[in-house]
Amino acid sequence: MPTITTQARRHLRITRHLKIGLVHKSIITLAIVGLVLYMMLFTTTPIVHDYFHELRHNLMLIPCH
């Protein structure tokens, strides 16, 4: 049975090879930001729409009525 130390070393060795590159991090970040902006500005889900209603009117870019 492996000890905790050998398991930790094996885990570190495996995770070092799973690094995400800058391009992938950028794509993931832009996707998350885009999803949040969509939810804030364009969704018609009542709970989200009501919460951001004043913001939508104050921006005067997105019609909501």
Side-chain angles (χ1 to χ4, degrees):
M1 180 163 198
T3 64
I4 292 175
T5 307
T6 58
Q7 286 179 344
R9 286 183 185 147
R10 187 180 326 149
H11 178 73
L12 286 173
R13 188 173 1 106
I14 292 170
T15 54
R16 283 186 189 129
H17 296 292
L18 295 176
K19 292 182 182 176
I20 298 175
L22 181 63
V23 174
H24 290 117
K25 286 180 187 177
S26 300
I27 291 170
I28 291 169
T29 303
L30 288 174
I32 292 171
V33 168
L35 184 64
V36 169
L37 284 175
Y38 173 79
M39 287 298 293
M40 285 175 52
L41 300 175
F42 298 111
T43 190
T44 56
T45 306
I47 294 172
V48 178
H49 175 82
D50 292 345
Y51 187 79
F52 291 108
H53 190 81
E54 288 297 319
L55 174 67
R56 292 170 72 152
H57 278 288
N58 290 334
L59 289 176
M60 291 189 280
L61 295 172
I62 295 101
C64 64
H65 298 288

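Quick caveat, the model's predicted, so the values are computed rather than measured. If you read the sequence from its start, that first residue is 1, and numbering goes on from there.
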### Task
Measure across Leu55 and Met40 and return the closest heavy-atom pair with its distance rounded to 0.1 Å.
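That closest heavy-atom pairing would be CD2-CE, 3.6 Å.
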### Query
Taking only residues two or more places apart in sequence, or in another chain, which ones meet Ile47 in a side-chain contact (heavy atoms from CB on, under 4.5 Å)?
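Applying side-chain contact (heavy atoms from CB on, under 4.5 Å) to Ile47 gives none.
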Nearest 0.5 angstrom please: [X] [atom1] to [Y] [atom2], how far?
| X | Y | atom1 | atom2 | answer |
| --- | --- | --- | --- | --- |
| Leu59 | Leu41 | CG | CG | 6.5 Å |
| Leu30 | Leu35 | CG | CG | 12.5 Å |
| Ile20 | Lys25 | CD1 | NZ | 7.0 Å |
| Thr45 | Asp50 | OG1 | CG | 10.5 Å |
| Phe42 | Arg56 | CZ | CZ | 8.0 Å |
| Ile14 | His11 | CD1 | NE2 | 8.0 Å |

### Task
For atom CD1 of Ile4, decide whether the heavy atoms of other residues, nucleotides or ligands shown that lie under 6.0 angstrom number more than 12.
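No, CD1 of Ile4 has 12 or fewer neighbouring heavy atoms, counting only those of other groups under 6.0 Å.
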